[in-house]
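See below for the structure under consideration.
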There are 2 protein chains.
Amino acid sequence: MLINELAKLSGLSKRALRYYDEIGLLTPSDTGDNGYRQYNVTDIDRLQQILFYRELDFKLEEIQRILDAPDFNVNEALRKQHEMLEQKRNYLDGLIITIQNTIQVMEGETTMTNEQKFEAFKNKMIEDNDKQYGEEIRGKYGEEQVLASYGKLKNMTEEQYESVNQLEQMLFERLKEAMVGGDASAEVAMEVAELHKRWLSFYWAKYTPQAHAGLAQMYLHDERFTAYYDDRVGKGATQFLHDAILEYVK
Amino acid sequence: MLINELAKLSGLSKRALRYYDEIGLLTPSDTGDNGYRQYNVTDIDRLQQILFYRELDFKLEEIQRILDAPDFNVNEALRKQHEMLEQKRNYLDGLIITIQNTIQVMEGETTMTNEQKFEAFKNKMIEDNDKQYGEEIRGKYGEEQVLASYGKLKNMTEEQYESVNQLEQMLFERLKEAMVGGDASAEVAMEVAELHKRWLSFYWAKYTPQAHAGLAQMYLHDERFTAYYDDRVGKGATQFLHDAILEYVK
DNA sequence: CTTGACCTTCTCGTTACGTTATCCTTTATA
DNA sequence: TATAAAGGATAACGTAACGAGAAGGTCAAG
């Protein structure tokens, strides 16, 4: 069988098959004197094995190791791969939550009514909680326990929501005070930044100084945010907050 | 500020900073006549923006576009990024399920008692169902509905489990018949492969011919599987099943 | 004998740097 | 003031798994 035929049969590109030959993953058993690659049944068998592992996102090098060691522990390889994939997914989950929250902060802050904000906040808390502990709790205690936990959370959220609002109010007040001195590196300015961090931590699963600083920058460059803080605290408040945060994370 | 200082401050490597300069993402505002890169406050500001987006897994090229177009729609960019990340995660989810099932098939098949198998099967069905429809149902109908759905599933699984077992019995019988002729490409052999596919589909969320063929190969190369089929159907059964499947997916 | 459909072997481009290697400038110490 | 250490610079190769394209050889058909 020539390369074109195998390519069509397997769904791989001819380039890929040549590459597999190049790295020694799939060397055609026969090469005529015209230089053409001739694949036979054994090669097809091997390719099918390759495709199987490739579909599970194994690296080609790893596949090669598996196929070339006949007594390789396939089960362990599958487990390790499984673990790696889960790590990747957890990483992505973290990113997704952070970006969701960023979006929420960005537009929720400026367009939602107070009730809507509370609803969104509540749903988010429930959702997060379910993602983190849902399976665990379900596994350990069964369904009833999960529902009970939800109930508790529903009762708690209103309190928590209040504390977030209080935090923001405190932020406004301290910010107003701090601006009098005009020094964004003064101690009171650091308290402002600290408050902002605590407020932010209600929305962000993973806090990092970089992200904090980045958000501060966005505040400055997005007029909706500038308006938000300047309206509530006074002209120049966003700028000052920005400077304080940058000092804080330095 | 020289490059070393900025590197330590930002956590990036010097090489990375030079690279950012090279691609024009972060060009130091001043370069002394000794050729040293001099970063000032504006540069730090920009770098902080860069780190913010980088943390969300944006590509450097995309970050550059965002930062260099002052009226860029940040919100839309975040949304698109969010969508992309979710796609990646969904892809990973698929992989993880497939690999989990593969592991389960590989070792469950050989070491578990019948009751254990049923328990595992039931739990898996519940789990899968929850993953696929759980959030959706919860969102639409609330908690009670979810529990109801679980109850239905719990009642159904025993039946389904039976049908899986029946399928496997049929597979054994047809396989025995087919082996008489000895032709792995005969029509009856194709029926055997078809049965095996249907049986497999109870365990695999996503069926592909490649994976099917790959599993057949594993059957052949793993003595636990060879023993399993050879014991139940007769000597050479695994080999014949393998051949039939390869014919079938061709 | 030419055309078209194959085949071959290069080589570059992709992403975001890590890792040398070689050389130049500044700073600290003897 | 000579020298050594620290830190700066450019340049080039390597990474994973191919895609794209160039330049040229082979084969069957008309």
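Small disclaimer: the values here were computed from a predicted structure and weren't measured.
The side chain of A:Arg37 has C:dT8 as its nearest neighbour among D:dC18, C:dT26, C:dT8. Side-chain atoms of B:Tyr36 lie closest to C:dT26 of the nucleotides D:dG19, C:dT26, C:dC6. Checked against D:dG8, D:dC18, C:dT25, the side chain of B:Lys14 finds its nearest nucleotide in D:dG8. Distances were taken from every side-chain heavy atom of B:Asn4 (C-beta onward) to each of C:dC7, D:dG8, D:dA17; the shortest belongs to D:dG8. Of the listed nucleotides (D:dG8, C:dT19, D:dC18), D:dG8 has the atom at the smallest distance from the side chain of B:Leu2.
Tested against A:His196 for a ring pair (Phe, Tyr, Trp, His ring centres under 6.0 Å), the candidates A:Tyr219, A:Trp204, A:Tyr207 yield a single pass: A:Tyr219.
Backbone-only engagement by B:Ile3 is indicated by non-hydrogen atom pairs under 4.0 Å involving sugar-phosphate atoms exclusively. When heavy atoms are screened at a 4.0 angstrom cut-off, A:Ile23 is found touching no nucleic acid atom at all. Among the heavy atoms of the strands lying under 4.0 Å from A:Arg18 is at least one base atom, whether or not backbone atoms are also near.
At C:dT26, one or more side-chain N or O atoms of B:Asn34 fall inside 4.0 Å of OP1 or OP2 (strictly under the cut-off). Using a 4.0 Å cut-off, some side-chain N or O of B:Ser13 falls inside it from OP1 or OP2 of C:dG18. Look at A:Arg15 and you won't find any side-chain N or O under 4.0 angstrom from OP1 or OP2 of C:dG13.
Between the C1' atom of C:dA5 and the CD atom of A:Glu5 lies a distance of 15 Å, rounded to the nearest Å. Between the CD atom of A:Glu22 and the C1' atom of D:dA17 there is a distance of 10 Å, rounded to whole Å.
Below the 3.5 angstrom threshold, one finds no donor paired with an acceptor across the side chain of B:Tyr19 and the base of C:dG18.
Between A:Asp243 and A:Gln239, the side chains place a donor N or O and an acceptor N or O closer than 3.5 Å (distance only, hydrogens not considered).
Using a 4.5 Å heavy-atom cutoff, the side chains of B:Leu2 and B:Arg37 are not in contact.
Within 6.0 Å of CD in B:Glu61 there are 12 or fewer heavy atoms belonging to other residues, nucleotides or ligands.
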